[in-house]
Amino acid sequence: MATLAVDQASTAELPRSPRFNERTHPVAKLLFAAILMGGLAFAGWSILVDTREAGETLALGVFAFLGLALLIALGFEFVNGFHDTANAVATVIYTNSMPAQLAVIWSGFFNFLGVMVSSGAVAYSIITLLPVDLLLNVGSAAGFSMIFALLLAAVLWNLATWYVGLPNSSSHALIGSVLGVGFANQLILSGSRGGTAGVDWSQATKVFSALFWSPLMGFAGAMLLLLLMRAVFRKQPQLFEAPSGNTPPPRGIRALLIGTCTAVSFFHGSNDGQKGMGLIMLILIGCAPTAYALNRTLPASATAAFVQHSQAAGALFDARSGGVSVDPAQARVILTDALQHRKAEGPKVYAAMEAIATSLIDQVSSYGSLSKVPARASSNVRNDMYLVLDTSKLVTKKPVGFNEPELKALKAYQDDLERGTRFIPVWVKIVVAIALGLGTMIGWKRIVVTVGEKIGKQHMTYGMGAAAEIVAAVTIMSADMIGRPVSTTHILSSGVAGASVASGAGLHARTIRNMALAWLMTLPAAMLLSGGLYWLMLSAVRFFGLT
């Protein structure tokens with residue numbers, strides 16, 4: 001870790017500027033604690049209500065285990081606030097647009113709003129990186145080992161890089177942890193699964209591309225935008241000047257900088273807030289499948305549409321099955337193997353999808369709606385929906401032999417399956433939003449100092465801050481629209497570097513080198529941590545004979 005230290009002596013001693021000398025009022029500390037405890041109590045109460053309504057009773061031990069897992073998951077989002085939101089407030093603090101304490105509260109509030117309006121697409125783009133067998137058996141000892149290993153690895157790496165003041169990416173840390181579990185699972189089970197129980201590389205490639213290109217877009221975009229701003233606003237030289245002492249900027253510039261900080265905070269919440277949501281859903285599905293394996297909030301009226309779309313899709317599958325017939329038990333094996341190998345082709349695969357689709361029609365119709373599926377069947381119904389959903393997506397990825405109406409019919413069926421399995425309760429969004437928002441207000445100084453003082457050799461100008469944050473907000477918003485996880489940290493810090501270059505200021509080679517090292521090392525480091533933790537936990541489970 002010594003090679004990653006960003007001038008630890010200077011990082012440890014934070015600036016003595018008045019902007020950092022504000023003391024937190026005791027009432028604010030009490031309010032912080034009250035919100036934190038209230039959020040945890042709200043989560044516990046929501047779980048009790050949901051399980052009671054679903055007719056599920058959690059044993060005390062299971063409830064305690066669930067509480068521990070949720071604490072770790074929310075801890076990840078809390079630590080996420082140390083890193084990523086500190087980037088959003090650095091510009092307004094170092095341009096004197098907002099006092100430091102007000103800036104972090106303001107940013108935390110808009111992070112909260114961003115989380116609340118998020119779609120969940122980013123959450124499930126990360127979850128689908130996990131091995132198929134662990135997703136289907138998330139309530140097993142191996143499934144819980146997976147969740148604990150990847151969460152602990154991501155939190156440990158985030159804390160370590162925060163301690164030395166590195167703008168590390170929480171997204172990189174989490175995705176590296178997910179990949180580490182996948183690799184470890186593949187190595188452990190290679191003898192029995194033919195080495196196919198690991199990472200979904202087709203999905204991983206999409207995630208990698210977003211993580212790779214977004215910092216480069218931040219650097220180039222901020223540099224070009226600042227050059228454009230210089231050309232367009234030549235008659236407003238104050239926009240490209242550094243603040244004078246602690247004097248706030250002119251009103252218009254101040255509004256611009258607060259607006260860009262608000263946008264980055266909001267879109268950070270909408271993207272990064274989702275990364276813990278999917279993992280929390282896995283925890284809930286594993287511990288309380290009756291309440292959370294299926295979306296029980298869907299109205300009974302949706303059942304008729306589901307049956308209609310299922311019948312249409314089943315007919316399409318049957319037409320391509322070549323007369324092959326399999327029972328549901330055989331179908332599950334066929335579809336699981338297809339997903340593990342990422343190859344969905346041949347009559348047997350279509351016959352298997354038709355068998356599962358027909359089985360789902362019979363089950364859902366007999367119960368009346370998803371909300372009435374009994375406890376004993378919840379996990380099986382979810383797994384069947386997951387198998388046919390993801391296999392059908394593989395089939396339609398290269399839709400050879402399907403015409404436009406058929407593709408529309410399959411898309412309608414897939415949408416129904418997603419609504420039934422890939423959902424996030426409102427209370428999960430609320431507690432994640434609270435964790436992320438409160439995390440903003442703790443430990444932000446170390447990363448703010450790095451972004452504000454240690455990237456460019458000259459003091460940040462108003463234009464530099466605005467350019468970096470505009471590009472960051474647009475990039476994160478674009479990633480949200482296509483359901484891709486990106487790193488706010490890397491986008492914004494790269495944007496500050498690009499704006500520094502465009503303004504003619506030099507870059508601190510030591511900081512840029514260490515940021516690049518963190519960028520390159522986070523994935524392998526998190527993979528090693530999570531893979532090692534997963535192996536240790538799985539070994540302990542087997543040693544003690546747990547299942």
What I'd like to find out is whether the side chain of Y386 reaches to under 4.5 Å of the side chain of L339, using heavy atoms alone.
yes

Does CH2 in W427 sit with more than 12 non-hydrogen atoms of other residues, nucleotides or ligands closer than 6.0 Å?
yes

Go through the side-chain N and O atoms of S265 and S107 and say whether any donor and acceptor fall under 3.5 Å apart.
yes

Report yes if some heavy atom in the side chain of L533 is under 4.5 Å from a heavy atom in the side chain of F148; otherwise report no.
no

In Å, rounded to the nearest 0.5 Å, how long is the span from CD1 of I147 to CG of L70?
10.0 Å

Is any side-chain heavy atom of E418 less than 4.5 Å from a side-chain heavy atom of L389?
yes

Less than 4.0 angstrom from a charged side-chain N to a carboxylate O is my criterion; do K411 and D415 meet it?
yes

Give the minimum heavy-atom separation between A293 and I285, together with the two atoms involved.
CA-CG1, 4.0 Å

Starting from the C-alpha separation in whole Å, work towards a yes-or-no answer on side chain to side chain contact (heavy atoms under 4.5 Å, CB included) for F42 and I430.
CA-CA 9 Å; F42 175 64; I430 292 174; 3.9 Å; yes

Flag side-chain contact, heavy atom, 4.5 Å: Y292 against I47
yes

Heavy atoms, side chains only, cut-off 4.5 Å: are T421 and N295 in contact?
no

Could you walk me through whether M281 and I424 satisfy the side chain to side chain contact (heavy atoms under 4.5 Å, CB included) test, starting with their C-alpha distance in whole Å, then the side-chain angles of each, then the deciding distance to 0.1 Å, before giving a yes or no?
CA-CA 7 Å; M281 289 309 301; I424 298 174; 4.2 Å; yes

Answer whether the closest heavy-atom distance between the side chains of N185 and Y534 falls below 4.5 Å.
yes

Distance col, row R230:CZ vs R234:CZ, nearest 0.5 angstrom, shows 12.5 Å

Over all heavy atoms of both residues, which pair between R254 and P248 is shortest? Give the atoms and the distance, please.
NH1-CB, 4.0 Å

Would you say that L113 contacts F109 through its side chain, given a criterion of any heavy-atom pair below 4.5 Å between the two side chains?
yes

Atom pair CG/OG1 of L407 and T396 - distance to nearest 0.5 Å:
7.0 Å

If the threshold is 4.0 Å, N to carboxylate O, is there a salt bridge linking R419 and D416?
yes

Heavy-atom pair of closest approach, residues G269 and V115:
O-CG2, 3.3 Å

Looking at K429 and S118, would you say the former's side chain and the latter's main chain have a donor-acceptor pair under 3.5 Å?
yes

The reported gap from CD in E469 to CG in L256 (rounded to nearest 0.5 angstrom) is 9.5 Å

Which pair of heavy atoms, one from A473 and one from A263, lies closest together, and at what distance?
CB-CB, 3.8 Å

Does M217, at its CE atom, have more than 12 non-hydrogen atoms belonging to other residues, nucleotides or ligands within less than 6.0 Å?
no

If I take atom CD1 from residue I283 and atom CD1 from residue I72, how far apart are they, to the nearest 0.5 angstrom?
8.0 Å

Are a donor atom and an acceptor atom from the side chains of T522 and W157 found within less than 3.5 Å of each other?
yes

Q414 versus S392, side-chain donor and acceptor atoms under 3.5 Å:
yes

Could you name each residue pair satisfying side-chain hydrogen bond (donor to acceptor under 3.5 Å, both in side chains) that touches residues 215-226, not counting sequence neighbours?
none

Between I491 and A472 the two heavy atoms that sit nearest each other are CG2-CA, 3.6 Å

CA sep, side-chain torsions, deciding dist, call: E241, T461, side chain to side chain contact (heavy atoms under 4.5 Å, CB included)
CA-CA 5 Å; E241 295 174 354; T461 66; 5.8 Å; no

Taking all non-hydrogen atoms of both residues into account, name the closest pair between A433 and M116 and its distance.
CB-SD, 4.3 Å

Please tell me if the side chains of V117 and F266 come closer than 4.5 Å, counting only heavy atoms from C-beta onward.
yes

Flag, side chain of S270 to backbone of G114, donor-acceptor distance under 3.5 Å
no

Sequence neighbours excluded, the answer for side-chain hydrogen bond (donor to acceptor under 3.5 Å, both in side chains) partners of W45 is none

Are F110 and C261 close enough, and set up right, to give a side chain to side chain contact (heavy atoms under 4.5 Å, CB included), and what steps lead you there?
CA-CA 9 Å; F110 282 96; C261 169; over 6 Å; no

To the nearest 0.5 Å, tell me how far L228 CG sits from F233 CZ.
8.0 Å

